[in-house]
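Since the structure comes first, as structure tokens, the remarks are kept for the end.
Residue numbers begin at 1 in each chain, while the letters A, B, ... track the order of the sequences. Bear in mind that the values here come from a model prediction, so they are computed numbers and not experimental data.
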Number of protein chains: 2
Amino acid sequence: MPQVANFNYAEGVTSATFPASAPTGLQALFQKLPVERIAAGQSLFFEGDAAGHLFEVVEGSLRIFKIISDGRRVITGFLHDGDIIGVSLKSHYLYSAEAVTDIKVRRISRRTFETEVDKSPGLRPEVFAHLCDEMAAAQDQMVLLSRKNAEERVCSFLLKELLRDIDRRQSDNIIELPMTRLDIADYLGLTIETVSRTMTKLANKGVVAPAGRHSVRIVKRSALVLLAGNDDEYVDNTVEFASYARRSHH
Amino acid sequence: MPQVANFNYAEGVTSATFPASAPTGLQALFQKLPVERIAAGQSLFFEGDAAGHLFEVVEGSLRIFKIISDGRRVITGFLHDGDIIGVSLKSHYLYSAEAVTDIKVRRISRRTFETEVDKSPGLRPEVFAHLCDEMAAAQDQMVLLSRKNAEERVCSFLLKELLRDIDRRQSDNIIELPMTRLDIADYLGLTIETVSRTMTKLANKGVVAPAGRHSVRIVKRSALVLLAGNDDEYVDNTVEFASYARRSHH
DNA sequence: CGTGGTTTTGAGCACTCTCAAATCGTGTGG
DNA sequence: CCACACGATTTGAGAGTGCTCAAAACCACG
């Protein structure tokens, strides 16, 4: 069944997955706005702040996260170029946002955004689709956090990044991971040590190959798919790639 | 489960029996539609099905969930009377839905829903707000699953149910938990044994008191709040309710 | 009262975490 | 250009929380 749910991925509007190729109508709203530069480590906004703006990531990556008692951090997502931040907000930001790398963003005020969307009814379905995709991504993440072991989490993560690159037609099987191990750990609900050990294990198995500190080469994509344990389908070893191809082509 | 079925409300007069907050404009869309009864354990729809309908829960509780490989189940939410299912869907259901108790629901077709929303622009902000609230809930759940220990998870869950009752002005400090331990476990990312042990521990601490198999009396709400470890703020024991009111506030 | 399902309790184990140290990389200054 | 220094990552050893497997207790139902 999830193969159907995953058509959403294919449609490419997951918060984490905007095809760079086809800017959406939403992105057009930002087109004329000035680009701002923000240095790695700097914050765009904090959880609980009045949600004044939406942002479009023009270049670079950033993380969105929440902090709970005694400083535990939960990264609820990474955003990359082409992504839009802040659609699913009402009055206040639900999370903080920080630049992972030096980034460039454009910002639009919430008010402007709303009036623009009201003006062009064609945008409304797009806003709606965006919200649904965010929701689908959140649900997938809940599944990951709730029931997957360390290996499945890491594989799911790598696979997600890989598919993102494929959507953007940059699939040389090398994925860039600009974030630190700590970021990945806080995203996957693990510790840095466990992430590290799991990566090592995957490398030993020949599933991936180290390619510098911030990138990884995917050697056996099919193994990655299996290990990600994504869904229910009885996946014959020889077919699971087809299953993924189907997703990303639709 | 029969505690709900036994109430025997006259058909069609139901709206009077559901207090709580004023019915939203969204709920008004369902007002004239017939009530359907569904027995405990029956499915409303399955993950991956074409998303033909939205549902309003008139009475009873249900669970929404996803299944992954080797049968692991993740319950992503419980829904109770007054709740609406299916707003955040595009073409296909993201999850399956099953009745926990005997339930009554009303259904509206996706198409009708969309045209109605288009007709009454006043509804649009409501749909948007609904989506944002769903998103906020999903994020909270990610935090729970990612970084909370068993005790914090169970306390968070109890607290959530309690606050729901308070919102509906039924706060006698006894919360109904119509779902099974297995449901709770699959919602909290734990096993039934761990849920059970944690409940026992909370009872031993005097935080809660057993009150039949499907309900619990909250004895020390303030302790529950502390143990839920929800956020960063240092919450004074006397203020925690205010803190929660603020948070669930739209 | 039995019967079947659910929940609780118990004992042992495994996966991941914690704490600690070694190694690697990257940027800096001499 | 090299050496150094600091942070990030990896590796190691041991501990702990929650899981698994098993059995007892509980409860609703006939």
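Atom NZ in A:Lys148 sits roughly 18 Å away from atom P in D:dC19 (whole-Å rounding). Residue B:Glu151 contributes atom CD, which lies 12 Å from atom C1' of D:dT17 at whole-angstrom precision. For the pair B:Arg72 CZ and D:dG18 P, the interatomic distance rounds to 19 Å; values are reported in whole Å. The nearest whole Å value for the distance from the CZ atom in B:Arg181 to the P atom in D:dC27 is 12 Å. B:His214 has its NE2 atom 8 Å from the P atom of D:dA28, to the nearest Å. Atom CG of B:Asp70 and atom C1' of D:dT20 are 15 Å apart (whole Å).
Under the side chain to side chain donor-acceptor pair (under 3.5 Å) criterion, A:Arg106 pairs with A:Glu56, not counting sequence neighbours.
Of the two residues contacting DNA chain C, namely A:Thr194 and A:Arg213, the nearest-nucleotide position lying further toward the 5' end is that of A:Thr194. If A:Arg147 and A:Thr200 are placed on DNA chain D by their nearest nucleotide, the residue sitting closer to the 5' end is A:Thr200. Checking A:Ser196 against B:Val195, the closest nucleotide of DNA chain D that is more toward the 5' end is the one next to A:Ser196.
Taking the six-membered ring for Trp, A:Phe46 and A:Tyr93 have ring centres at least 6.0 Å apart.
For the pair B:Asp183 and B:Arg181, the salt-bridge criterion is not met [side-chain N within less than 4.0 Å of a carboxylate O]. Ion pairing between a basic and an acidic side chain is recognised when a charged N comes within 4.0 Å of a carboxylate O; A:Glu176 and A:Arg164 show no such pairing. Look at A:Asp81 and A:Arg168 and you find a salt bridge, because one of the NZ, NE, NH1 or NH2 atoms lies within 4.0 Å of a carboxylate O, short of that distance. With respect to the salt-bridge test (charged N to carboxylate O, under 4.0 angstrom), the residues A:Arg63 and A:Asp186 do not qualify.
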Please report, to 0.1 Å, the donor-acceptor pairs under 3.5 Å made by any side chain of residues 36-45 of chain A, with sequence neighbours excluded.
{"unit_1": "A:Glu36", "atom_1": "OE1", "unit_2": "A:Arg107", "atom_2": "NE", "d": "3.4"}
{"unit_1": "A:Glu36", "atom_1": "OE1", "unit_2": "A:Arg107", "atom_2": "NH2", "d": "3.0"}
{"unit_1": "A:Glu36", "atom_1": "OE2", "unit_2": "A:Arg107", "atom_2": "NE", "d": "2.7"}

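Counting only residues at least two apart or in different chains, side chain to side chain donor-acceptor pair (under 3.5 Å) contacts with residues 195-205 of chain A comprise A:Glu151-A:Lys205.
No side-chain donor from either of A:Glu47 and A:Ser96 sits under 3.5 Å from a side-chain acceptor of the other.
Closest heavy-atom contact between B:Val208 and B:Val219: C-CG2, 3.8 Å.
Of all nucleotides in DNA chain C, those with any atom nearer than 4.0 Å to a heavy atom of chain B start and finish, going 5' to 3', at C:dG5 to C:dA11.
Rounding to the nearest 0.5 Å places CG of B:Leu202 at 7.0 Å from CG of B:Leu224.
Residues of residues 184-192 of chain A having a heavy atom closer than 4.0 Å to DNA chain C, listed by number: A:Gly189, A:Leu190, A:Thr191.
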Distances under 3.5 Å only, N/O to N/O: pair up the protein atoms with those of nucleotides 12-16 of chain D.
{"unit_1": "D:dG12", "atom_1": "N7", "unit_2": "A:Arg197", "atom_2": "NH1", "d": "2.8"}
{"unit_1": "D:dG12", "atom_1": "O6", "unit_2": "A:Arg197", "atom_2": "NH2", "d": "3.3"}
{"unit_1": "D:dA13", "atom_1": "N6", "unit_2": "A:Arg197", "atom_2": "NH2", "d": "3.4"}

